[in-house]
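One structure below.
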Amino acid sequence: MLDTLDISIRKVQNSRINEVDFNNIPFGKVYSDHMFIADYEDGQWSDLRIVPYENLSMAPASSVIHYGQSVFEGLKAYKNSNGEAVVFRPEANAKRLNKSAERMCIPEVPEELFIQAMTELLNLDKDWIPNKENTALYIRPFVFAMDDYIGIKPSEKYRFMIITCPVGAYYSEPVKVKIETEFTRAAKGGTGYAKAAGNYAGSLYPAKLAQKQGYHQLVWTDASEHKYIEESGTMNIMFVINDTLITPEASSTILRGITRDSVLTLARDWGMKVEERKVSIKEVVDAAKNGTLQEAFGAGTAATIAHIKLIGHEGVDYQLPAIEEREFSNKVLKAMDAIKLGEAEDKFEWIYKL
Ligand code: COI
């Protein structure tokens with residue numbers, strides 16, 4: 001149980017904000033002035049504090065370093081058209097953090113702690129929320145094991161932190177992806193659905209091999225047969241085939257993306273035919289060959305809607321239709337932007353105002 005929601009604040013002496021070129025923000029390299037920290041010990045979260053963004057000091061034996069007991073989230077804050085700071089669907093991220101935490105034997109972060117910590121941090125650093133097109137303040141909450149113990153067991157001490165960084169586009173151009181049929185991201189019963197740090201570490205080597213071949217990202221396939229599409233790199237994947245929006249069904253091997261859910265919700269609301277089901281490589285390749293594959297795109301917080309321009313499979317590259325012709329993904333991207341900016345009705349109550 002939570003002791004108290006009192007958050008102490010130690011502010012920076014000099015803000016770094018004037019050193020930032022907000023016209024040219026790289027993704028994930030510039031951090032705002034402050035960060036939030038809470039420590040977990042003896043079964044409770046305590047010592048809630050906001051401090052200047054600075055390096056951490058931890059024991060070399062900290063179990064997170066050795067065994068990767070760590071989970072994280074990603075969400076974004078925007079300035080709406082009235083200049084107000086808003087966050088997109090933070091309650092959904094708070095819930096997903098705890099799903100991931102449960103799988104990794106990490107204690108729950110109470111939703112009110114998540115939301116209040118984020119709110120107070122953003123209230124302090126709201127000038128860091130950029131307001132140009134395709135920019136946002138990326139919010140990265142994370143929880144990791146802190147015991148200095150070399151044996152394998154769930155840690156007794158944890159740290160929950162939130163850092164934020166102004167960001168531009170994650171992918172600066174439409175992406176080329178390769179369908180991966182040798183390496184595996186996640187197997188049934190594993191940690192694929194969790195936003196666990198190690199899932200990303202395990203993906204690096206296969207992605208590096210694909211990058212050497214000129215692709216930006218991989219499309220992961222199922223571990224047992226490598227026949228069905230799962231997700232792509234840092235995002236969920238969706239296709240429009242014969243005017244139907246098709247995406248792999250959420251399962252224990254796929255991250256339950258919040259952008260994914262938002263896209264599916266809007267599509268259904270517009271009366272589009274939507275299918276969440278197994279999607280075979282064959283179906284996608286056949287559709288690319290016979291011209292019924294109208295669109296393919298990734299959906300994720302960092303990536304937002306990332307158009308896929310080319311899909312590689314078994315040495316053959318399939319070129320997809322021009323981006324301007326992609327009716328659905330262009331429309332859904334615009335619709336989500338309009339909701340975030342307060343220019344369209346927030347019918348599904350996705351917007352959290354500070
Ligand atoms: C996100 O989309 O928020 C992610 O966490 C993906 C990535 C930057 C690791």
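Both ligands and their constituent atoms are indexed starting at 1 by order of listing.
Between K176 and D317 there is no salt bridge, since no side-chain N of the basic residue sits under 4.0 Å from a carboxylate O of the acidic one. Ionic pairing of K95 and E111 is present here: one or more N-O contacts between side-chain nitrogen and carboxylate oxygen are shorter than 4.0 angstrom. Classification of E230 and R185 as a salt-bridged pair fails, no side-chain N sitting under 4.0 Å from a carboxylate O.
No continuous path of hydrophobic side-chain contacts links V86 to Y138 [ILVMFWY only; heavy atoms under 4.5 Å].
Heavy-atom contacts of F72 reach the following atoms of ligand 1: 5 (O) (cutoff under 4.0 Å). Numbered from 1 in the order shown, with element, the atoms of ligand 1 that lie under 4.0 Å from a heavy atom of R140 read 5 (O). Those atoms of ligand 1 with a heavy atom of G74 less than 4.0 angstrom away are 3 (O).
E295 and S329 share a side-chain donor-acceptor pair at under 3.5 Å.
S100 places no side-chain N or O within donor-acceptor distance of the main-chain N or O of A196, the cut-off being under 3.5 Å.
Not a single heavy atom of M235 sits less than 4.0 Å from an atom of ligand 1. Taking a 4.0 Å cut-off on heavy atoms, K195 registers as neighbouring ligand 1.
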Does the ring pair (Phe, Tyr, Trp, His ring centres under 6.0 Å) test come out yes or no for F36 and F160, once each step is laid out? CA-CA 8 Å; F36 171 84; F160 168 47; 5.7 Å; yes
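The shortest N/O to N/O separation between Y170 and ligand 1 does not fall below 3.5 Å. Taking any N or O of Y200, backbone or side chain, none lies under 3.5 Å from an N or O belonging to ligand 1. At least one N or O atom of A302 sits closer than 3.5 Å to an N or O atom of ligand 1.
With a heavy-atom cut-off of 4.0 Å, K76 does not touch ligand 1 at all.
Regarding atom 1 (C) of ligand 1, its nearest protein heavy-atom neighbour is Y138 OH, 3.3 Å.
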